[in-house]
Amino acid sequence: MTDRPDAFAAAPPAVEILSAQKTYPDGTVALQPVDLRIREGEFVTLIGPSGCGKSTLLKMVAGLLDTTDGRIHVWRKPIEQLTDKRFTFVFQAPTLMPWASVQTNVRLPLDLAGVERGEADRRVADALRLVGLDAFAQALPRALSGGMQMRVSIARGLVVQPHLLLMDEPFGALDEITRNRLDADLLELWRDRKLTVIFVTHSIHEAVFLSSRVVVMAPRPGRVVEDIAIDAPYPRGADFMVSPEFSRYAKRLQDALQRASAQEISA
Ligand SMILES: Nc1ncnc2c1ncn2[C@@H]1O[C@H](COP(=O)(O)OP(=O)(O)OP(=O)(O)O)[C@@H](O)[C@H]1O
Ligand SMILES: [Mg+2]
């Protein structure tokens, strides 16, 4: 069965960004009021020139950063009232503990949450299998390639069994082949686990390949300027990447990004 992105139209909201605005203490207006609704099961990508507030927005959704004004609801609750934090944040750098094994690194969130050892070990094994690293449980991070370290970081995010995945340029530092492979794996995971994903990238190709929707932002001050549905069916594979449909979306995004950059100059 294939899913079309419009299948999400009737889904309940996962994240509601309601006129959320951010001014940093030094006076930098990082985000003008943003209104955005992300429904359960969507794969939404934020794209835009450096400094347009993508990371700021993602951190506000995660509750890592306060909004200066406006509100953010996750599963219909204000983020600060969310008790069951079934979401995970994956950063660009894997940020692993270098002295600890892959297994210990992945178990960290469960140890912090006081999850019983047997249950924790089961979840760690499950997450490592999902990212294809079950044979490396005892390895130290330095013995792994950059792509494998990123997989460890993703596994560490998955052990909390999240429903919402927030990913800030997770594959930005990787070579293209590795990135393509991780993109394909991520899509499979997203579909298999019925996750909601908010993803940040600078890559137009990655955005088109992955997303059910791409939100284009412009900088100084940061704001949302376009919201583009990528209405191509899933599963998406290598065929999609060389299709005329893919090229049309890539061109559309490129034009939108050019407009977003031009707006900065004329602002
Ligand atoms: N802690 C901070 N204090 C002051 N200004 C900040 C702070 N963090 C970010 N900014 C500014 O806020 C704006 C948005 O930054 P943000 O990091 O969210 O952009 P971004 O879209 O993620 O950029 P990039 O693509 O380079 O990661 C920028 O002008 C940035 O310089
Ligand atoms: Mg950023």
Side-chain angles (χ1 to χ4, degrees), residues 4-24 28-82 85-90 162-170 190 194-204 206-208 210-231 249 252-253 255-257 259-261 263-264 267:
R4 291 202 78 86
D6 58 11
F8 307 114
V15 176
E16 292 163 288
I17 299 165
L18 308 161
S19 301
Q21 190 260 321
K22 183 69 188 179
T23 305
Y24 281 104
T28 305
V29 180
L31 279 178
Q32 283 189 342
V34 169
D35 282 286
L36 206 56
R37 175 182 284 127
I38 291 156
R39 294 183 183 278
E40 276 183 20
E42 275 197 284
F43 196 122
V44 173
T45 293
L46 310 177
I47 196 166
S50 196
C52 68
K54 304 179 294 294
S55 297
T56 300
L57 189 57
L58 213 58
K59 283 182 198 157
M60 293 198 309
V61 171
L64 296 172
L65 203 59
D66 288 336
T67 55
T68 308
D69 207 355
R71 285 168 300 142
I72 295 191
H73 289 185
V74 179
W75 298 306
R76 296 189 191 273
K77 275 196 183 158
I79 179 76
E80 58 279 3
Q81 288 175 21
L82 209 63
K85 296 211 166 163
R86 300 295 288 273
F87 63 83
T88 228
F89 201 120
V90 180
H163 295 300
L164 174 62
L165 218 51
L166 305 169
M167 307 182 89
D168 196 353
E169 296 188 52
W190 165 68
K194 298 185 170 30
L195 302 172
T196 307
V197 180
I198 310 181
F199 190 91
V200 171
T201 184
H202 281 286
S203 162
I204 290 174
E206 195 174 37
V208 175
L210 294 173
S211 321
S212 57
R213 182 149 71 99
V214 180
V215 172
V216 183
M217 298 174 68
R220 283 172 276 280
R223 59 209 187 277
V224 169
V225 288
E226 294 196 43
D227 196 330
I228 299 170
I230 309 295
D231 191 18
Y249 278 120
R252 212 173 137 193
L253 263 189
D255 291 347
L257 275 174
R259 278 195 296 275
S261 304
Q263 285 181 23
E264 173 192 7

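On a predicted model such as this, the values are computed, not experimentally measured, just so you know.
Here CG of Asp255 is found 9.0 Å from CD1 of Ile228. Values are rounded to the nearest 0.5 Å. For the atom pair CG of Leu36 and CE of Met217, the computed distance is 8.5 Å after rounding to the nearest 0.5 Å. Distance check, rounded to the nearest 0.5 Å: CG of Asp66 to OG1 of Thr68 gives 8.0 Å. The structure places CG of Asp35 at 10.5 Å from CD of Glu16, a figure rounded to the nearest 0.5 Å. Rounding to the nearest 0.5 Å places OG1 of Thr56 at 11.0 Å from CG of Leu46. The CD1 atom of Ile79 sits 10.5 Å away from atom CD1 of Ile17, with the distance rounded to the nearest 0.5 Å.
Counting all heavy atoms, side chain and backbone alike, Pro49 lies closest to Ser261 at CG-OG, 3.5 Å. Here the closest non-hydrogen pair linking Gly41 and Phe8 is O-CE2, 2.9 Å. Of all heavy-atom pairs spanning Ser50 and His202, the tightest one is N-CE1, 4.0 Å. Minimum heavy-atom separation, Ala20 to Arg71: CB-O, 4.2 Å. Smallest separation of non-hydrogen atoms from Ser55 and Asp168: OG-OD2, 2.6 Å. Residues Ile230 and Val208 approach most closely at CG2-O, 3.7 Å, considering heavy atoms.
Proximity of Pro78 to His73: side-chain heavy atoms (C-beta onward) are separated by under 4.5 Å at one or more points. Leu65 is listed as a side-chain neighbour of Lys22, based on a closest heavy-atom distance under 4.5 Å.
Taking the six-membered ring for Trp and thresholds of 30 and 60 degrees, Trp190 and Phe43 have ring planes more than 60 degrees apart, a perpendicular arrangement. Aromatic ring pairs are classed by plane angle as parallel below 30°, tilted from 30° to 60° and perpendicular above 60°; the pair Phe87 and Trp75 is tilted.
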Take Arg213 and Ile38 through the side chain to side chain contact (heavy atoms under 4.5 Å, CB included) test and state the conclusion after the steps. CA-CA 9 Å; Arg213 182 149 71 99; Ile38 291 156; 3.9 Å; yes
Kindly indicate, with the supporting measurements, whether the criterion side chain to side chain contact (heavy atoms under 4.5 Å, CB included) is fulfilled by Val15 and Thr196. CA-CA 9 Å; Val15 176; Thr196 307; 5.6 Å; no
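The one candidate from Gln21, Met60, Lys54, Arg223 that meets the side chain to side chain contact (heavy atoms under 4.5 Å, CB included) condition with Leu31 is Met60.
Ser211 places no side-chain N or O within 3.5 Å of a backbone atom of Val214 that could act as its donor or acceptor partner. Between the side chain of Thr28 and the main chain of Ala30, no donor-acceptor pair closer than 3.5 Å is present. Between the side chain of Glu42 and the backbone N or O of Arg39, at least one donor-acceptor pair lies under 3.5 Å. In terms of modelled atom types and a separation under 3.5 Å, the side chain of Tyr249 and the main chain of Ala207 share no donor-acceptor contact. Thr45 places no side-chain N or O within 3.5 Å of a backbone atom of Val200 that could act as its donor or acceptor partner.
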